[in-house]
Number of protein chains: 2
Amino acid sequence: MKHITIKDVAKKLNVSISTVSRAFNNKYDIKEETKEKILKTAKELGYKPNPIAKKLSQQRSFTIGIIVPEFSNNFFPEVMLGAQEVLLKEGCQALIMQSNHSWEVEKKNVETLVNNMVDGLIISLTSESKNNAYYNDLIKQNIPIVFFNRTVDQIKASKVLFDDYKWAMFATEHLIVQGYKNITHLEGDKNLTLTKNRLRGFTDAHKKYKLTVGKVVPCGFKMEDGERVAQEMIDKSEVPRAIFAANDSSAVGAISVFKKNGYSIPKDIAIVGFTESNLAKHTTPTLTSVEQPTNDIGQTAAKLLLEQINTKGLFVPQTIVLNGRLNIRDSSVKII
Amino acid sequence: MKHITIKDVAKKLNVSISTVSRAFNNKYDIKEETKEKILKTAKELGYKPNPIAKKLSQQRSFTIGIIVPEFSNNFFPEVMLGAQEVLLKEGCQALIMQSNHSWEVEKKNVETLVNNMVDGLIISLTSESKNNAYYNDLIKQNIPIVFFNRTVDQIKASKVLFDDYKWAMFATEHLIVQGYKNITHLEGDKNLTLTKNRLRGFTDAHKKYKLTVGKVVPCGFKMEDGERVAQEMIDKSEVPRAIFAANDSSAVGAISVFKKNGYSIPKDIAIVGFTESNLAKHTTPTLTSVEQPTNDIGQTAAKLLLEQINTKGLFVPQTIVLNGRLNIRDSSVKII
DNA sequence: TTGTAAGCGTTATCAC
DNA sequence: GTGATAACGCTTACAA
């Protein structure tokens, strides 16, 4: 497969390659007439600028890297879609990699992307990642990075966050005001800021209503985590009256184990999820959940990153917090 | 951010850049001693080969592009994981793009990847794609492509397929042998081979048992499609006794509408899905579904592609058909 | 075994 | 306005 190059176009028209290059990059003076002529024959010849050569020459790739822990949950795909919308408008391309919940893979992905000269990175950390120093180093090397949702406080970079505290509080409150006592929180992966914030929302909701804070059970974000924890609760005969789960996946996992063991939702156990997934509307009962503005998160992260890239250095890290919504469904309503 | 280059290493050691290059590419003669010396100081200096320059110079990228219609369903992420496993072993990297069910986006993705000098492509077509000519052109240009699952007959390339016919037949048979009559098939997106094959399996299962073939309703692969079709059935009072759905998503969509309208599954309507999703085990009732060997599909596609890349030209397109499994769950059992 | 130099397809800095 | 030409970082004949 032979690529047509700028040279072929130049030769065909008896102009220099620099003229052809100029025709494709509006920033230089060039006679309108020759420009059109070049553009026309370039199209005829099927010329496509080679981005690789452009990258090498410009030391800039017009590509940004996106690293997410997983694709399986539909949260991340939706965020990426949002990011791609704004990147596309700026002529940037997204290079997507998944770290598959492993810090090693995440680090390797970062290196691959940096070596491939991405202009910047949009990252949501794996649950495991503890290497803030690594990222702070990268940032010191002037590699633009924006983090979203899964991040840690110690990293000094722009961030797009969801107010997990506030919405965890709302979610818990929703259970409390309906009169549920003995509410247990299934805690997400530790050492993520969002996990701490959701926990804080959970406890503060109790405090607000002057209730003793419910139990907190380490769980995780996967269905299997929810299944495991629910099974443990049943085995220990410590099944709570209501649950505020780490996320929808763990909630769904827990629900299925509870139901299998004869518990009825919400009659025996009320349950609220987090991070509205496409599951929520289709489980039985339908799942109450906090909806995050996925598309908006992606768009905001991309905008922030592009801004940072274009202002080279003299920018201040920003943290933008976005709003959500509590979708109340059958899994949490009080049956009288 | 200043990258350390081959030059820096060469200067430091007073050797030529070609020697340094050779030290990193074992194929040339080079004194073991100098090689080690170079590798050592390269590491000290923090030298990382620049893949962009390598691509430009070698006209080969050691990157393969993967294009899928979507990430939302967990079928495609699992396939990609499988592909990445084998690619990684060969020192290849995967560049993933989603076409978001649009032929225009798919075409643009292909162009982006080709321009970025991917060594080959692994593609699952969007439902819309009708442009076989486009792909046949690409193949004529010697761009290695392997298609998986979603493909059309007219494209002359290697393919990794699932025997949709066989497993659709098994799925339908499973309903028939339990005594269900009046079985309706929710048909997937038209003009995909797999849709035709599933339909053929559906009809042939009926023929095998000398039954009149059930109704076929055009549906699609999304939850909304299932919801829409179920609602139409209810509105027209044409609710069947059993359903073989296009896939799990459409099955789940249909189930939720039926349940909302007072139908009981499987008592009133038995239902079987296709392409085991993480939903199947967690719906109520749990969903009978055909499980596809996702990881294996990815691995096989990647192997086929690498083989094709390495044998440049003198290879024959292969079609590999993989096997699956019917997971029988509550949604399809006969209640006596 | 090592060095020299041309080339990969662009962009960018000079002249003219 | 346009054309040479030197980068960008690497590979790879060909010489030495």
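The sequence lines fix the lettering, A, B, ..., with proteins before strands; numbering per chain opens at 1.
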To the nearest Å, how far apart are [X] [atom1] and [N] [atom2]?
X: B:I4; N: D:dC8; atom1: CD1; atom2: C1'; value: 16 Å
X: B:Q58; N: D:dA13; atom1: CD; atom2: C1'; value: 14 Å
X: B:I52; N: D:dC10; atom1: CD1; atom2: P; value: 11 Å
X: A:I30; N: D:dG3; atom1: CD1; atom2: C1'; value: 12 Å
X: A:K7; N: C:dT10; atom1: NZ; atom2: P; value: 10 Å
X: B:F24; N: D:dT11; atom1: CZ; atom2: P; value: 9 Å
X: B:N25; N: D:dA13; atom1: CG; atom2: C1'; value: 15 Å
X: B:K54; N: C:dG7; atom1: NZ; atom2: C1'; value: 17 Å

What's [X] touching, base or sugar-phosphate or nothing? Going by heavy atoms closer than 4.0 Å.
X: B:K35; value: nothing
X: A:Y47; value: sugar-phosphate
X: A:K55; value: nothing
X: A:P51; value: nothing

Partners meeting ring-ring contact (aromatic ring centres under 6.0 Å, His included) with B:F71 (sequence neighbours left out): A:F71
5′-ward residue of the pair B:A53/B:K31 relative to DNA chain C: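 Residue closer to the 5' terminus by nearest nucleotide: B:K31.
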Under 3.5 Å: donor-acceptor pair, side chain of B:N115, backbone of B:T112: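 It does not hold such a pair.
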Note: A:K89-A:E85 ion pair, threshold 4.0 Å (strictly below):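 No.
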Between [X] and [N], is there a contact of a side-chain N or O with OP1 or OP2 at under 4.0 Å?
X: B:S57; N: D:dT12; answer: no
X: B:T34; N: C:dT1; answer: no
X: A:Q59; N: C:dT11; answer: no

Side chain to side chain contact (heavy atoms under 4.5 Å, CB included) evaluation trace for B:N50 with B:T5: CA-CA 8 Å; B:N50 180 330; B:T5 75; over 6 Å; no
B:N116 vs B:K55 side-chain heavy atoms within contact, under 4.5 Å: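 SC-SC contact between B:N116 and B:K55 ruled out.
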Test item: A:I122 and A:V79 side chains (from C-beta on) under 4.5 Å apart, heavy atoms: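 They are not in contact (no side-chain heavy atoms under 4.5 Å apart), so the answer is no.
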B:R150 NZ/CZ over B:F147 ring centroid, <6.0 Å and within 45° of normal: no
Nearest non-hydrogen partners of A:L45 and A:I4, listed with the distance: O-CG1, 3.4 Å
Heavy atoms of other groups near B:K222 NZ, more than 12 under 6.0 Å: no
Estimated bend of the helix from C:dT1-D:dA16 to C:dC16-D:dG1 (axis per five terminal pairs, rounded to 10 degrees):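 Answer rounded to 10°: the end axes differ by 50°.
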Any side-chain donor near an acceptor of the partner, A:E106 and A:N131, under 3.5 Å: no
Between the protein and nucleotides 3-5 of chain C, list the N/O to N/O atom pairs that are separated by less than 3.5 angstrom.
from, atom 1, to, atom 2, distance (Å)
C:dG3, OP2, B:S16, N, 3.0
C:dG3, OP2, B:S16, OG, 3.1
C:dG3, OP2, B:T19, OG1, 2.3
C:dG3, N7, B:R22, NH2, 2.4
C:dG3, O6, B:R22, NH1, 3.1
C:dG3, O6, B:R22, NH2, 3.3
C:dT4, O4, B:S18, OG, 3.1

